Protein chains: 2
Amino acid sequence: MGRTAGRSPEETRRALLTAAGEAIRVRGIHASLDEIARFAGVSKGGLIYHFASKDELIMGLVHAELAAFQASVDAALDPDDTAPGRLTRAYIRAVLTPAGDEARESLALITQLMTLPAVAEVARADAERIDAALAADGLPEDVLALVVAAADGMSSAPLWGASAQTPAHHRLAERLLHLTRHPALWQDLDWPR
Amino acid sequence: MGRTAGRSPEETRRALLTAAGEAIRVRGIHASLDEIARFAGVSKGGLIYHFASKDELIMGLVHAELAAFQASVDAALDPDDTAPGRLTRAYIRAVLTPAGDEARESLALITQLMTLPAVAEVARADAERIDAALAADGLPEDVLALVVAAADGMSSAPLWGASAQTPAHHRLAERLLHLTRHPALWQDLDWPR
DNA sequence: GTCTATAGCTAGATAGAC
DNA sequence: GTCTATCTAGCTATAGAC
């Protein structure tokens, strides 16, 4: 077993990505390779064996985070729900439910990572993909715009240190889900013009 | 006039803050003092004369940005509007109107700056202040939570590279303003429970 | 009021031992 | 597969000239 710590290469890789996420979330994008490596229980040289450069490590982290967010949306899909808006409901749940803490932390982390142009481009492409999927989810676009904007707004509140965990916010989340099932409620309101 | 560039100290300070904002928005928080200084047309030594350290420069920038956002909300206040929700309407307009491009760029910049704990603390306190002011604006809290979340969500879309400039988003902005004037529309909907 | 020069530090990356 | 040692670059901040 030599100098290995009893971990498989894949486990070490995952540990390094987790450590990088944690370090960057806390210390910002300046977190050094040294810190990240120590946090994962290897040396800087060990890190460099798995990720040839900091850029490579960060891009690996970005892909892992985007995949994790997609996975949380998939996990929030209700198999019994085949009505229009099912993906939108999963999106809202993934972004807002308590179990979606990781999703919100991911957003905070991605925001840090977007300092790098290469990351911004990947994130933009991913956002476009999600938008397209939501647009094809069968909801009237006005209702979709409302519920997605409101869910995004609530989920981004922690970025400013504010809380979106008041009773009013919980009611709002429920009502957004309700609107996806009864879009006419919103569309038939007495709007001007 | 010696070596001065024909600018007053205040002008130089403002130029440095503007340059710092631009540089950090584009290059991230790592933007060097050298870059910032050159962008403002002074040398690094000149920058350090006005801001003793990078931290001081950044905190100066943060305060300027938060003040600018507050000013854009104030400017969006309609003097003829004395009905409940007038501040909320100004907030929505400041965050969403085309003239609020700067507001959105400010958000992007603040997000970069929040890497630093000291900045995060200042931003959190500012967000709390704004939340308190909005809470005292006379709207039912359910309606307030909805319109603020939706406005925040639309304004944060550019962070992910997505666009909130579709016709549906413009309609949504109008409807949010409308709801602040007729909160019963939302409250009297046929909600479950 | 702004500049040059440079000290001093930290980080990323490489080489090679084990 | 992981570690230590070291090289090199880039950054902040200081000292002092102009």
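Below, chain A is the first sequence line, B the second, and so on; all start at residue 1. Please read these numbers as outputs of a predicted model, since none were measured by experiment.
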task = Could you check how far CG of B/Asp55 sits from C1' of D/dC11, rounded to whole Å?
result = 14 Å
key: Interatomic distance where CG belongs to B/Leu47 and C1' belongs to C/dT4 [whole Å]   = 15 Å
inquiry  = Measure NZ/A/Lys54 against P/D/dA9 and give the value in whole Å, please.
reply    = 19 Å
note = Separation of C/dT2 atom P from B/Glu10 atom CD, nearest Å, is 11 Å
Collect all protein-nucleotide pairs involving nucleotides 5-7 of chain C in which both atoms are nitrogen or oxygen and the distance is under 3.5 Å.
none

task = Enumerate the residue pairs fulfilling salt bridge (charged side-chain N to carboxylate O under 4.0 Å, His left out) with a member in residues 106-122 of chain B, sequence neighbours excluded, ordered by first and then second residue.
result = B/Glu121-B/Arg124
ask   = Excluding sequence neighbours, so at least two apart, what forms side chain to side chain contact (heavy atoms under 4.5 Å, CB included) with A/Thr18?
value = none
ask   = Does A/Asp137 have any side chain to side chain contact (heavy atoms under 4.5 Å, CB included) partners at least two apart in sequence or in another chain, and if so, which?
value = A/Arg86, A/Leu87, A/Thr88
task = Look at A/Thr12 and D/dT2 and indicate whether a side-chain polar atom (N or O) is within less than 4.0 Å of OP1 or OP2.
result = yes
ask   = What nucleic acid atoms does B/Ile48 come within less than 4.0 Å of, heavy atoms only: base, sugar-phosphate, or nothing?
value = base
What side-chain donor-acceptor pairs closer than 3.5 Å can you find for residues 172-182 of chain A, not counting sequence neighbours?
{"unit_1": "A/Thr180", "atom_1": "OG1", "unit_2": "A/Arg89", "atom_2": "NH1", "d": "3.0"}
{"unit_1": "A/Thr180", "atom_1": "OG1", "unit_2": "A/Leu177", "atom_2": "O", "d": "2.6"}
{"unit_1": "A/His182", "atom_1": "ND1", "unit_2": "A/His178", "atom_2": "O", "d": "3.3"}

query = So, is B/Tyr49 close to the C/dG1 phosphate, meaning a side-chain N or O under 4.0 Å from OP1 or OP2?
reply = yes
inquiry  = From CG of A/Leu33 over to C1' of C/dT14, roughly how many Å is that when rounded to an integer?
reply    = 13 Å
remark   = Rounded to whole Å, NE2 of B/His30 lies from C1' of C/dT10 at a distance of 12 Å
ask   = In whole angstroms, how far is the C1' atom of C/dA11 from the CZ atom of A/Arg27?
value = 12 Å
request  = Write down the atom of A/His50, the atom of A/Arg13, and the distance for their closest heavy-atom approach.
outcome  = O-NH1, 3.8 Å
key: Under the side chain to side chain contact (heavy atoms under 4.5 Å, CB included) test, residues paired with A/Pro117 that sit two or more places apart   = none
message = In whole Å, I'd like the distance from the CD atom of A/Glu35 to the C1' atom of C/dG12.
response = 13 Å
ask   = Relative to the 5' end of DNA chain C, which residue comes earlier, A/Asp34 or B/Ser43, by the nucleotide with the nearest heavy atom?
value = B/Ser43
key: B/Leu189 vs A/Leu189 side-chain heavy atoms within contact, under 4.5 Å   = yes
query = Are any of B/His50's side-chain N or O atoms less than 4.0 Å away from OP1 or OP2 of C/dT2?
reply = yes
